[in-house]
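Here's the structure, in structure tokens; my notes come after.
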Amino acid sequence: MAGRTSAVGERLSPDLQGFKEVQRLAYECAEVVAARLKPGVTEREAARMQRDWLTERGVRDWFHLPFAWFGDRTAFAGFRIPLQFFPTNRRLEPGMPFILDMAPIHRGFAADIGYSGSLGLNPVQDRLMDDLQEHRALILAGVRERRPLRTVYEDVERLMVRQGYTNRHRAYPFGVIAHKVGRVRERRWSPTVFGFGTQSLKGLASDALHGHREGWSPLWSPYTFSDHPPQPGLWAVEPHLGFRGTGAKFEELLVVTDSRDPQESAFWLDDDLPHVRRWAEGKAA
Amino acid sequence: MGLKDARLRRVATGGVELCIAELGDAARPTVLLVHGYPDSKEVWSGVAERLADRFHVVLYDVRGHGASSAPQPLRGGFTLEKLTDDFLAVADAVSPDRPVHLVGHDWGSVQGWEFATVRRTEGRIASFTSMSGPSLDHFGHWIKKRMTRPTPRRAAQLLGQGAKSWYVYMLHTPVLPELAWRGPLGKQWPGMLQRLERLPADGYPTASLPSDAAHGAWLYRDNVRIRLRRPRPDAYAHAPVQLITPTGDSFLSERLYDDLEQWAPQLRRRTLDAKHWIPRTRPDQLASWIGEFVDAHEDRAGRAPGAVAPARAAARPDSVAGRHAERFGGRLVLVTGAASGIGRATAFAFAEAGARVVAVDRDAEGAARTAEMARLLGAPEAWGETADVGDEQAMEKLAAKVAAEYGVVDVLVNNAGIGLSGSFFDTTTEDWKKVLDVNLWGVIHGCRTFGRQMAERGQGGHIVNTASAAAWLPSRSLPAYSTSKAAVLMLSECLRAELADKSIGVSAICPGIVNTNITATTRFAGSDAAEERRKQERSSRLYGMRNFPPEKVAEAVLEAVVHNTAVVPVTPEAHATRWMARFTPRALRAVARREPRL
């Protein structure tokens with residue numbers, strides 16, 4: 001799969017290299033924290049572990065602070081208001097699924113990743129993760145064909161329904177499956193508002209303003225404001241499957257360019273990520 | 001193998017002779033069935049026959065009943081201590097080396113609790129399945145707890161059970177019960193049971209009923225007052241317990257078992273939509289649950305202490321997660337239209353409750369996928385079957401296959417349906433045929449084939465038909481669809497009336513606007529292909545914006561089966577329009593006249 005869906009092996013511009021490094025750092029953090037999760041750990045503790053680990057490695061600003069969801073909160077069961085996304089005192093139990101979601105900014109480069117796992121065996125979540133592979137391919141194909149983002153969104157949703165799942169990214173603000181990320185200026189003081197970094201919010205707002213004038217949006221949603229072809233830039237894509245009380249997602253950066261060559265017009269920034277490796281191993285086995 | 005072929009023997013113990021009947025291979029695990037009051041061991045005949053090919057099944061007449069002799073004098077001869085002596089004598093006679101799996105109904109279960117909680121039987125009982133008979137000690141504590149702090153709820157529970165126990169007070173009067181049983185009551189009893197408890201008329205109760213019932217009165221007189229006044233404080237079960245509660249029991253409240261976990265730590269709960277005499281009315285289900293429980297604990301009993309449980313057992317926990325696991329665990333559920341939408345969500349909800357699921361759809365791949373995911377959710381078994389519900393022959397073939405390979409369906413969900421929109425004059429005969437074939441004939445075929453099997457088995461069941469809020473909501477846009485769904489609603493009501501005395505419930509589910517792919521496949525009569533495509537997309541988006549999940553409809557389906565509800569509107573708009581159809585029909589008619597825009 002490498003080379004076909006991502007830019008691995010090719011030379012990346014220094015900018016993209018920076019984004020790739022911070023994305024790897026974030027995934028490394030997720031794997032380290034996931035390995036440290038034990039029965040009885042709370043969501044707050046898991047979020048704190050991610051935050052501390054990244055802060056130790058030089059992260060000073062955030063697109064959003066780390067989230068952690070355990071048990072049926074991975075499927076956003078009963079979520080009505082955005083405050084419910086924040087980590088709670090829910091404790092991890094054996095067999096429970098969990099999702100770690102973090103968006104650190106390192107040297108001005110932002111990443112936004114999602115990592116799904118379970119404490120011990122969870123066949124249902126295993127299955128969800130396997131089935132996410134098709135979504136990764138579908139999204140890339142849709143973007144390469146330059147189909148309107150809203151249509152791609154609907155294709156993904158249809159695939160989810162066919163697989164027997166529900167679309168849980170609909171629960172995110174504006175129901176987004178993806179949002180744009182960009183470079184952020186490094187400031188000595190980088191406050192967050194409701195878990196989101198002000199610098200990044202500013203970037204998103206300015207994108208929204210530009211987009212509004214030019215007819216596109218930095219939020220990839222099911223609504224009419226996403227009825228436009230893919231906008232060049234970096235998109236953090238996060239399809240989120242829900243199946244009864246279990247949820248699973250991945251989140252990674254998709255590079256969209258204005259190149260005419262389909263291969264060049266869109267590619268995943270990195271193919272050496274835990275979920276992609278897992279599919280490759282599954283195929284080899 | 002019937003009770004007629006049973007090997008009979010007699011065992012002398014404590015001044016009486018007990019009559020024991022044995023079926024099946026004596027080398028297999030022993031299942032010991034104890035009958036209640038006023039019964040004899042023949043009450044178990046249906047269950048015993050069904051267990052005999054897998055287990056060593058043993059039944060005995062309790063002292064003073066059936067072919068066993070009565071103690072002399074009767075007073076003081078029926079104490080639980082003496083009944084425990086009897087049990088040990090029988091167990092030693094039929095299974096001297098291995099513990100037995102005890103099953104009790106009514107007074108057999110009351111005794112069973114005594115056996116399973118006193119020290120001297122420890123090691124002789126591998127498992128205990130209790131039906132409709134609480135431990136008198138637990139009952140005593142239950143009453144005490146409610147008497148000492150009578151909150152309104154507790155007082156109501158106390159009064160409720162107090163009223164259900166009327167016959168216990170009657171049995172405490174001297175002489176009169178004996179006279180009644182040996183006189184008119186003994187003659188009337190079989191007929192009363194058939195009428196009130198819906199028991200099959202097949203020669204049971206036996207001729208010994210009058211004397212059984214007269215002797216058995218001493219079960220109450222010798223034990224009830226003593227135990228309820230001074231319940232044992234240490235009545236903890238030393239064997240795993242499976243509690244089967246019939247929800248329609250006229251003599252025992254379900255609330256009696258609320259605190260049972262504290263007395264029986266390894267408790268598995270089951271509920272059954274039936275009246276008191278379940279060994280007679282639900283032998284199939286009981287045999288299956290007893291067999292499953294025995295198998296689960298025979299493994300454990302047979303292995304050396306401390307041995308690790310096999311991986312398979314660890315992966316399948318005793319308690320399935322779903323809310324209705326007590327009710328649907330191990331039952332066979334068939335859902336049509338199960339490849340998507342409400343059907344699929346319903347199949348998943350039943351799977352989560354531990355039911356065995358047959359997913360039927362025209363779309364073979366989708367049905368197989370549903371079955372596969374259902375197994376992942378906790379269904380012990382699940383199958384995908386391909387059939388067009390509108391095709392009579394296909395349905396008959398399917399019904400024959402299901403009956404032969406999976407068994408008689410306990411819950412049938414006739415859910416498959418298609419959408420058809422467009423004005424009456426745009427709707428062609430072809431369109432009408434198509435929508436009626438699936439939406440109405442599909443339900444008819446389902447009820448005729450699977451419903452007939454259910455009725456012929458005579459052990460209850462439930463049929464759920466998916467109607468629609470369109471069944472009572474006139475409109476210019478859905479004439480054909482609404483007509484088909486209104487027919488389904490009325491069919492369900494009629495069927496409910498007809499099947500009530502077979503203990504088969506029928507429910508019509510009327511969802512309303514639910515986010516499924518029915519909109520994407522709806523035929524829009526009078527529109528060309530492009531226009532139809534546009535309308536499908538538009539309506540899908542509207543339904544998506546409404547975003548009522550099919551999972552909630554599935555939840556309503558399970559609730560409808562549990563409570564045997566006749567008509568179930570699901571979404572708020574379904575409730576509101578149903579209310580309007582009843583009380584302000586003219587307002588609905590006025591709205592119906594408006595031309596819909598899509």
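Note on naming: letters A, B, ... go to the chains in the order of the sequence lines (proteins, then strands), and numbering restarts at 1 for each one. None of the values given here were measured: they were computed from a predicted structure.
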**Q.** Distance, nearest 0.5 Å, that separates CZ of A:Phe243 from CG of B:Leu376
**A.** 6.5 Å

Q) Using non-hydrogen atoms only, which part of A:Val161 is less than 4.5 Å away from chain B: side chain, backbone, both, or neither? A) backbone

Q) What part of B:Ala339 gets closer than 4.5 Å to chain A, counting heavy atoms only: side chain, backbone, both or neither? A) neither

Q: Take atom CG of A:Leu209 as the centre, draw a 6.0 Å sphere, and report whether it contains more than 12 heavy atoms from other residues, nucleotides or ligands.
A: yes

Tell me which donor-acceptor pairs, judged by distance alone and kept under 3.5 Å, run between chain A and chain B, one pair per line.
unit_1, atom_1, unit_2, atom_2, d
A:Arg127, NH1, B:Glu372, OE2, 2.1
A:Arg127, NH2, B:Glu372, OE2, 3.1
A:Asp131, OD2, B:Arg369, NH2, 2.7
A:Glu154, OE1, B:Arg541, NH2, 3.2
A:Glu154, OE2, B:Arg541, NE, 2.8
A:Glu154, OE2, B:Arg541, NH2, 2.8
A:Val161, O, B:Arg344, NH1, 3.0
A:Arg162, O, B:Arg344, NH1, 2.8
A:Arg162, O, B:Arg344, NH2, 3.3
A:Gln163, O, B:Arg369, NE, 2.9
A:Gln163, O, B:Arg369, NH2, 3.0
A:Tyr165, OH, B:Arg369, NH2, 3.0
A:Arg244, NE, B:Glu352, OE1, 3.3
A:Arg244, NE, B:Glu352, OE2, 3.3
A:Arg244, NH2, B:Glu352, OE1, 3.2

Q: Taking side-chain hydrogen bond (donor to acceptor under 3.5 Å, both in side chains) as the test, write out the residues that go with A:Glu45, two or more places apart.
A: none

